[in-house]
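Data block below; observations after.
In this text, all values refer to a predicted model and were calculated from it rather than measured experimentally. Along the sequence shown, residues are numbered consecutively beginning with 1.
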Amino acid sequence: MDSNRVLICGGEAGGSPHACLKALGQLLSLRKIDVALIHGGHPHAETAQRWAASNGVDHIVYALNVRRHGDKAWRHLNRLVIEHGHPDGIVALNGGQGIDHLLRLAVREGIPIWMPYGNRHQPKAC
């Protein structure tokens with residue numbers, strides 16, 4: 001993955017903090033991430049945020065706005081991180097339907113996806 005702006009995603013089944021740190025460490029050893037680590041502010045993303053701070057990597061958080069977008073808040077957030085965040089690549093930890101939607105958007109936009117631990121849900125084009 002040739003990326004300087006990396007979006008990390010993983011839903012409720014996103015895996016352990018250790019798995020997240022391992023994947024980010026592997027990515028950093030392969031490619032310099034000097035612009036931004038992008039995530040959606042999910043509680044599991046705190047691990048990625050601490051990792052970014054300790055490795056001198058800027059990070060951008062896009063917050064979920066349930067009050068404004070209601071039940072469609074996750075879909076709105078997924079579009080926002082793709083369209084506004086302009087990631088060069090995505091690190092996809094295991095997730096559920098919300099992650100599937102995000103990955104379908106990424107496939108449609110031609111954004112490379114790295115699934116370091118596989119994914120039980122393979123993204124399909126929109």
Side-chain angles (χ1 to χ4, degrees):
M1 176 184 302
D2 284 340
S3 302
N4 286 326
R5 293 177 67 91
V6 175
L7 169 64
I8 185 160
C9 63
E12 297 298 328
S16 71
H18 175 73
C20 176
L21 292 172
K22 184 177 177 185
L24 288 169
Q26 289 174 342
L27 182 61
L28 188 61
S29 72
L30 297 172
R31 177 75 178 165
K32 184 176 179 186
I33 307 171
D34 58 6
V35 176
L37 175 74
I38 304 165
H39 62 85
H42 188 278
H44 291 308
E46 291 176 13
T47 300
Q49 191 168 317
R50 284 192 305 272
W51 174 89
S54 68
N55 284 283
V57 174
D58 293 329
H59 63 274
I60 301 168
V61 179
Y62 288 87
L64 186 67
N65 189 342
V66 176
R67 183 173 181 180
R68 181 172 182 190
H69 302 289
D71 292 341
K72 298 185 184 214
W74 281 107
R75 288 182 173 271
H76 176 77
L77 178 63
N78 288 342
R79 284 189 298 274
L80 189 64
V81 296
I82 294 290
E83 295 169 7
H84 185 265
H86 302 292
D88 299 308
I90 296 178
V91 175
L93 304 173
N94 287 332
Q97 283 186 319
I99 300 307
D100 286 349
H101 176 254
L102 177 68
L103 297 181
R104 286 192 305 271
L105 294 174
V107 166
R108 186 178 71 196
E109 295 296 320
I111 300 169
I113 300 167
W114 179 45
M115 296 181 196
Y117 306 109
N119 196 320
R120 62 183 171 181
H121 303 287
Q122 293 298 318
K124 298 177 180 84
C126 291

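Cluster annotation: Leu103 is connected to Leu64 through the hydrophobic network of ILVMFWY side chains, with a link wherever side-chain heavy atoms come within less than 4.5 Å. Note on Leu105 and Leu80: same hydrophobic cluster, where clusters join Ile, Leu, Val, Met, Phe, Trp and Tyr whose side-chain heavy atoms are under 4.5 Å apart, directly or indirectly. One hydrophobic cluster, built from ILVMFWY side chains closer than 4.5 Å, holds both Trp114 and Val57. Residue Val107 is grouped with residue Leu77 when hydrophobic side chains (ILVMFWY) are merged at heavy-atom distances under 4.5 angstrom, including chains of intermediate members. Note on Ile60: it clusters hydrophobically with Leu102, by side-chain heavy-atom contacts below 4.5 Å among ILVMFWY residues.
Taking both residues in full, the closest heavy atoms of Val61 and His59 are given as CG2-CD2, 4.0 Å, listed atom of the first, atom of the second, then distance. Scanning both residues, Ile90 and Ala106, for their nearest heavy atoms gives CD1-CB, 3.4 Å. Taking each heavy atom of Pro87 and Val81 in turn, the nearest pair found is CD-O, 3.4 Å. Residue Ala92 comes nearest to Pro116 through the heavy atom pair O-CD, 3.7 Å, listed as atom of the first residue, atom of the second, then distance.
In this view, His86 satisfies the side-chain hydrogen bond (donor to acceptor under 3.5 Å, both in side chains) rule with no residue, not counting sequence neighbours. For Arg75, the side-chain contact (heavy atoms from CB on, under 4.5 Å) partners are Arg79, His101, Arg104, not counting sequence neighbours. Taking the side-chain hydrogen bond (donor to acceptor under 3.5 Å, both in side chains) definition, one finds that Arg50 meets it with nothing, sequence neighbours left out. Considering only residues two or more places apart in sequence or on other chains, Ala53 meets the side-chain contact (heavy atoms from CB on, under 4.5 Å) condition with none of them.
To the nearest 0.5 Å, the span separating CG on Leu7 from OH on Tyr62 amounts to 9.5 Å. Asn78 contributes atom CG, which lies 10.5 Å from atom CD of Glu83 (distance to the nearest 0.5 angstrom). The structure places CG of Leu93 at 12.0 Å from NZ of Lys22, a figure rounded to the nearest 0.5 Å.
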